[in-house]
Every structure is written in C-alpha cells, then in structure tokens.
Amino acid sequence: MPLNANNPDRTSWLHVDKNSDFPIQNIPFGVFLTRDDIITIGTRIGDTAIDLGALHQLGYFEGIALTDDIFLQDTLNDFIADGRKTWRSVRNRIAEIFDAENEALKNNVKHKEIVLFRLDEIEMQLPVQVGDFTNFYSSIEHATNIEIYNATETPLVPNWLHIPLAHHGRSSSVIPSGIPVHRPMGQIRPEGTTKPLLEASTSVDFELEMAFITTDANDLGEAIPVEEAEEYIFGLVLLNDWSARDIQEWEHLPLGPFLSKNFASSISPWIITLDALEPYRIHGPKPQKGQLPYLKTKGAKSFDINLEVAIQPKGAKETVVSTSNFKYVYWNMSQQLAHHTINGCPVNSGDLMGSGTISGPSENQYGSMLELTNKGTTPIQLHGGNERKFINDNDTVIMRGFCEKDGTRIGFGEVSTKLLPVYTKK
C-alpha cells in the first residue's frame, strides 16, 4: 500500500505554522481528554487536535475495515494490534480528509465543531497501556563514557559490540509529558564510607532517549527475524528515563539498576509512526565487530532525528544543555527487537522499548548530566547565573525531537517534566 500521506507537496486546510512539528505529512496518534471530559483517540495537524472517534462515527473512514469502537478507547493498544495495513490506511485517509483540496469536512461546520479541538481544550493522556518496558543500552558513545567513569580497564564491556544489552524497566511508572515526578529515596553509600544510608538522591539525572512501541508480534517460543522486525514497530516517542546516580552507583552490581531508574520514565504523548519517518531513513554506525547472522541488517535502518534537552529552573528561562541525534544509536531497532525475541520472548501491543541514553561524539551531544558535568565535577552554566551538577527540585527538563529534509519537518513535540521534592504524604 503506497504512503500517500507522506506526499511532501500536500497542504492542509487547517492552519499549520511554517516550523510546526505536525504538518499534514506527520499525522501522529495519541489519546486525549476532550472539553466534554470524553477520552478519545486522536491525531494532530498544526495546533489542531482531531477526534478520530467522532470522525469515524460520522462516516469518514468508510471502506476501511475498522470496528465501531476502535477509536472510542482510552489507549491505542487495540488499534496498534490491527497491524500496519490498518495504520497506513487510516493515515492515508486522514491526509485525504484534511487535504486543502478536499472540501467534504472543510465546508461542514457542524461536523468540524464535533471533530476539531484547540490544544488548550484537550488534556493529553498516556497513549498506550504499557504492558512491558525494556530499556536498551545502545549508544556506543554513552556506553564508553560510562565505562570510563566506572574506571574499567577497557572502554567497553566485552559483550557490548556483540549483543544489544538491555534491562527490564517498570511499566507502572511510565508517565506522559506534563506529569511531575518526585525526587526518589533509596540506599546511598556516601563517598569514603562503607555503610549505606537511606536518603534522598542528590544526583537525579535525565537520560535522553527515544522509544519504539510494538504491536502483537510473536507467540511464546517464536523469534522475530531481524528483516521482519519493522513490521511490528508502530512508531516512536521521546523518552526521558530518569535516573538517580547515587542510588545507581550503590545498587547496580551485580544485577544492574533497580530503584535508581524505576521511579519514573516520561514519554511524549504523540506517537510518530514509522511510516511518517520513512523519508528520514539513514544508515547507522558501521559494526566494529562481526555480528551473528540473526542480528545482521541490510539497508538504512536508522533515522535522522535531531534531539535536544533543556533545563528550566522555576521562574527562569530555559537553557538548552544538549543536542544529539538518534542516528548515533549503534544497535538499531530491528536488531533490538530481533535480539529481544531470539529466546522466544513474546512481544505485545503497547510494549515500550527504550533506546538507552543517546550521546554523540561531542561533549555538547552527551545525553545525561552524568556525562555533561563529568560526574558532577564540572557544573553546567544556565541562563541567569544558575549552574547545575544534576537536576534540582522544581527544575523542568524538556526534551524535543524533529526530522527535517527538503522543506518538510516532522517532529515529536516535547516531553516536559518537573522534578518535585521528595514525596510527603498530606
């Protein structure tokens, strides 16, 4: 089925700013609460949110095999489970409906009042019910930096170039943009001591990541071939996988992170489909060592997605502290999903797969405060004379991402999260 929705010459009868992340070529999917307190599945063009449930009820998806309630749900899981043919058909139809030359909805005032919303009339929700959350460790620059900080004898652990490493996260603490998180408590062993204390983390950090969301993919015991993996990837979101470095330093051996990462993971609310990102495909880093056959990929399997992180103290101007790119991820999504299932692990609709911290080769491209401040020894200077070693209470961390080519921009919006003090029961 052709990707008609990606036509770069198409314009919309809805207003779209020149530098909008959401032109008619994007057509992301999300879930929002309307002004009438109704939760619906929707999309967005420019600064207009579109109620797909209402659009479907009004007959605009006639001819596409959809259940009556497919968009009248509080998550995208069932829609995602319908598969790529359905996703592509719906995106193509939305592009047709809102094309500048199509007057069917454009001239129907009554229908527009039902279907269209200003952004200040909606409240974005978590787009999927996350059954499982896996976080990879796939940026070679980040992994090298971390091993240097850990004072290991080699720049990378021996298996890093042979296997997409990962740990399982906690799905119950995955939250959408705009939901604040609290500074975590945990066991910390102060420097120069031998016994731990229960304290609030003083080294709360962001991790600049992206994550892909899967559909139902395989049965228990069945592996997904690497060349088929993209058929089971619905789309991507921005991910801030919060970390508490002082808790992590004490707990991470021998089983890896636990309380240092499971207190919160924030994602952007609009899922950008793999179809929308198709024009921005590029080749990722070349393998530095031979890979086993089940991990070998052909063609361009990465995407040129510009990323940035800003810190905004309460009442102050934000400062961009990092600019990176998704192209620096060494192990691509197909390899990650193929490895995840090579042992027969089943993958379900709505599963979240994080890339791991994305760092580039330059210091201003590092994807965490741990790297940017050299483990807190060199503070970052913010606007207004502020400085940061890690994230302070009431700071807001903002992550953004976008692709741009030949005058067309496809963006992710942002994931914005405020860090609050340690939770106190009222």
Side-chain angles (χ1 to χ4, degrees), residues 1 3-6 22 24-34 38-45 48-98 114-117 122-133 171 174 176-177 211-218 224 229-238 267-278 333 337 346-353 410 412-413:
M1 181 182 298
L3 284 171
N4 297 332
N6 289 6
F22 302 98
I24 194 170
Q25 290 79 12
N26 192 336
I27 310 179
F29 292 92
V31 176
F32 57 80
L33 186 69
T34 71
I38 297 173
I39 290 182
T40 186
I41 289 171
T43 188
R44 174 179 175 178
I45 296 176
T48 301
I50 300 160
D51 182 344
L52 296 182
L55 204 63
H56 185 23
Q57 288 181 310
L58 292 169
Y60 286 90
F61 291 114
E62 184 178 355
I64 301 177
L66 300 170
T67 60
D68 291 342
D69 65 345
I70 191 69
F71 298 125
L72 302 177
Q73 303 186 41
D74 57 5
T75 74
L76 279 157
N77 292 57
D78 283 355
F79 174 67
I80 293 172
D82 266 6
R84 175 164 285 194
K85 182 179 179 181
T86 297
W87 315 333
R88 189 167 291 182
S89 297
V90 169
R91 277 191 75 246
N92 285 344
R93 181 64 58 84
I94 293 170
E96 293 172 8
I97 294 168
F98 292 94
I114 298 171
V115 169
L116 306 181
F117 295 83
I122 66 169
E123 182 180 321
M124 297 303 298
Q125 309 292 303
L126 195 67
V128 293
Q129 181 178 349
V130 181
D132 287 294
F133 170 34
S171 60
V174 176
S177 177
F212 66 89
I213 293 169
T214 64
T215 186
D216 293 323
N218 59 323
I224 298 173
E230 286 190 357
E231 291 298 312
Y232 304 103
I233 298 174
F234 176 63
L236 289 88
V237 292
L238 300 168
I267 66 172
S268 51
W270 294 107
I271 304 174
I272 312 303
T273 63
L274 226 55
D275 278 351
L277 296 172
E278 189 65 32
M333 292 182 288
L337 189 54
V347 173
N348 297 313
S349 178
D351 283 355
L352 189 70
M353 309 279 182
I410 300 294
F412 290 76

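What you find for I122 and A49 is that their closest heavy atoms are CD1-CB, 3.6 Å. The two residues S349 and A81 come nearest to each other via the heavy atoms OG-N, 3.6 Å. Pairing each heavy atom of V115 with each of A54, the nearest pair is CG2-CB, 4.2 Å. Listed here is the closest heavy atom pair of L72 and G53: CD2-CA, 3.7 Å.
For F412, there are no ring-ring contact (aromatic ring centres under 6.0 Å, His included) partners two or more places apart in sequence or in a different chain. Residues satisfying the side-chain contact (heavy atoms from CB on, under 4.5 Å) criterion with L33, sequence neighbours excluded, are D37, I39, E123, Q125. Residues satisfying the side-chain contact (heavy atoms from CB on, under 4.5 Å) criterion with Q129, sequence neighbours excluded, are T75, N77. In this structure N218 satisfies the side-chain contact (heavy atoms from CB on, under 4.5 Å) test together with E222, I224, T341, P346, V347, sequence neighbours excluded. Take D275 and apply the salt bridge (Lys or Arg N to Asp or Glu O under 4.0 Å) test, not counting sequence neighbours, and it matches R88. For the salt bridge (Lys or Arg N to Asp or Glu O under 4.0 Å) test, residues two or more places apart in sequence or in another chain that qualify with R44 are D47. Applying the salt bridge (Lys or Arg N to Asp or Glu O under 4.0 Å) test to E96 and every residue at least two apart in sequence or in another chain returns R93. For F212, the ring-ring contact (aromatic ring centres under 6.0 Å, His included) test picks out no residue, with sequence neighbours left out. Residues passing the side-chain contact (heavy atoms from CB on, under 4.5 Å) test with L126, sequence neighbours excluded: V174, P176, I267. A search for side chain to side chain donor-acceptor pair (under 3.5 Å) contacts involving N6 returns R91, not counting sequence neighbours. Residues passing the side chain to side chain donor-acceptor pair (under 3.5 Å) test with S268: none are found, sequence neighbours excluded. Shown here are the side chain to side chain donor-acceptor pair (under 3.5 Å) partners of D51, two or more places apart in sequence or in another chain: T40.
Formation of a donor-acceptor pair under 3.5 Å by the N92 side chain with backbone atoms of N4 is found in this model. Not a single donor-acceptor pair under 3.5 Å links the side chain of S171 to the backbone N or O of F133. Distance alone, capped at 3.5 Å, is enough to place a donor-acceptor pair between the T214 side chain and the N348 backbone.
Considering only heavy atoms from C-beta on, L352 stays 4.5 Å or farther from V128 through its side chain. Under the 4.5 Å side-chain criterion, counting only non-hydrogen atoms from C-beta, F98 is not in contact with T43. Side-chain contact between V237 and I213 is present, with heavy atoms from C-beta onward closer than 4.5 Å. Put simply, the side chain of L274 reaches to within 4.5 Å of the side chain of L236, judged on heavy atoms. A 4.5 Å side-chain heavy-atom check between M333 and L337 finds every atom pair outside the cut-off.
To the nearest 0.5 Å, the span separating CD1 on I233 from OG1 on T273 amounts to 12.0 Å. Rounding to the nearest 0.5 Å gives a distance of 4.0 Å between CH2 of W270 and CE of M124. Note: I70 CD1 to I64 CD1 = 11.5 Å, rounded to the nearest 0.5 Å. L55 contributes atom CG, which lies 4.5 Å from atom CD1 of I97 (distance to the nearest 0.5 angstrom). Atom CD1 of I45 sits about 9.0 Å away from atom CG of L116, to the nearest 0.5 Å. To the nearest 0.5 angstrom, I27 atom CD1 is 15.5 Å from W87 atom CH2.
Using cut-offs of 30° and 60° for the angle between ring planes, the F61 and H56 rings count as perpendicular. The aromatic rings of F29 and F79 sit tilted relative to each other, their planes meeting at an angle between 30° and 60°.
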Next item on the list: Determine, stepwise, if the pair L52 / I94 fulfils side-chain contact (heavy atoms from CB on, under 4.5 Å).
Entry: CA-CA 9 Å; L52 296 182; I94 293 170; 3.7 Å; yes

